[in-house]
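Working notes for the structure below.
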Amino acid sequence: MKQRILTGDRPTGPLYLGHDVGSLRNRVALQHDYETYVLLADVQALTDNFEHPQKVRANVMEVALDELAVGLDPEVATFVLQSQVPEIAELTVLYLNLVTVSHLRQNPTVKTEIAQKGYGESVPAGFFVYPVSQAADITAFGAHLVPVGEDQLPMIEQTAEIVRRFNRLYAPVLTEPRALLGEVARLPGLDGKTKMSKSLGNAIFLSDPPDEVACKVRGMYTDPNHLRVEAPGTVEGNPVFAYLDAFDPDRAGVAALKAHYRRGGLGDVRVKRHLLEATLAPIRARRAEFARHRGDVERVVREGTGRGREVAAETMRAVRQAMRLDYFGPS
Ligand code: TRP
């Protein structure tokens with residue numbers, strides 16, 4: 001039997017190229033070797049967006065389209081809508097007994113987010129405990145591997161702790177997951193200086209119209225010392241190449257471009273055109289194609305959620321049995 005992968009995204013806005021790119025690439029690369037579940041984590045999105053349910057709802061489809069655009073195959077990967085899997089909420093409540101408030105307070109990622117959002121002591125309890133619900137996400141599907149960005153490592157660690165505690169206390173029924181970090185940790189922004197982020201306004205969105213992507217790529221920072229086409233250029237720290245590394249499936253082609261650039265004789269304009277036409281255009285075209293068939297995508301999510309729920313229900317049965325909660329026989 002294949003091992004399982006679970007990945008998740010909060011549908012709070014459209015994905016952009018910098019979004020957990022290592023994770024996105026790993027998901028696509030591994031979808032055939034692992035049984036892959038892609039969680040549209042709308043309940044987690046609500047933990048800091050509970051006043052904006054419409055925003056979360058609208059973005060579920062957008063994020064599903066983004067996932068499909070980068071190459072997740074709906075015939076292979078199972079898309080699961082978190083709010084429609086009540087077993088995840090059930091597991092969350094049971095796991096909450098296995099963690100302490102002081103331990104949750106030390107979660108570096110949540111700590112940073114609390115500071116960024118200015119919550120202080122008024123942090124909503126749901127948000128504060130979201131690492132526990134993420135442990136429920138991961139264990140409900142019995143995931144062995146979780147492709148993530150670095151900021152998510154504390155969540156996988158928290159999950160592993162809950163799993164070990166649960167298995168020791170009750171019965172060894174939960175799978176301990178491992179994090180899988182991407183090779184491309186973080187994309188630089190279009191300005192080359194900072195990381196790409198939505199709030200810094202230096203991001204390319206998967207849903208950007210073609211002329212906007214073209215305009216952004218044309219204005220992109222490259223090697224500032226590469227003034228003449230014939231001169232050798234620097235690939236390291238050059239955003240254009242970072243984007244090619246992250247998104248161009250033709251590894252040999254990218255290696256050849258790099259060699260040429262280093263040698264000299266390859267201009268920025270041509271590398272950018274390659275990024276635009278060979279790398280990004282197919283992603284955009286795929287997204288547009290799926291967007292034209294929204295009904296089909298909705299069906300992918302509906303059916304995937306059904307299959308996902310069966311897996312989660314199986315975990316739930318084992319958990320209920322382990323915790324002596326299996327009162328009325330097998331459900
Ligand atoms: N916390 C993740 C994020 O910031 C989203 C997420 C929810 C997730 N559930 C998950 C990631 C399970 C990996 C596994 O976007």
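Starting from 1, each residue takes its place in the sequence as its number. Counting starts at 1 for both ligands and their atoms, following the listed order.
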| query | Taking distance alone, with no angle check, do Q134 and ligand 1 share an N/O pair under 3.5 Å? | reply | yes

| message | Within the 3.5 Å criterion, strictly below it, is a donor on T139 or Y95 matched to an acceptor on the partner's side chain? | response | yes

| request: Return yes when atom CZ of R263 has more than 12 non-hydrogen atoms of other residues, nucleotides or ligands closer than 6.0 Å, and no otherwise. | output: yes

| query | Hey, are the side chains of E176 and H144 touching, using non-hydrogen atoms and a 4.5 Å cut-off? | reply | no

| Mind checking whether D137 has an N or O less than 3.5 Å away from an N or O of ligand 1? | yes

| request: Run the numbers for me: atoms of ligand 1, each under 4.0 Å from some heavy atom of L6, listed by number. | output: 12 (C), 14 (C)

| query | Numbering the atoms of ligand 1 from 1, which are under 4.0 Å from a heavy atom of V146? | reply | 13 (C), 14 (C)

| field | Heteroatom distance test (Q44, ligand 1): nitrogen or oxygen, under 3.5 angstrom | value | yes

| field | R251, CZ: over 12 other non-hydrogen atoms inside 6.0 angstrom | value | yes

| message | For Y170 together with F166, are the ring centres under 6.0 Å from each other? | response | yes

| Taking the minimum heavy-atom distance to atom 2 (C) of ligand 1, which of R10, Q152, Q82 ranks first? | Q152

| Aromatic ring proximity, centroids under 6.0 angstrom, Y261 and F241 | yes

| field | Close-contact set for ligand 1 against A41 heavy atoms, below 4.0 Å | value | 7 (C)

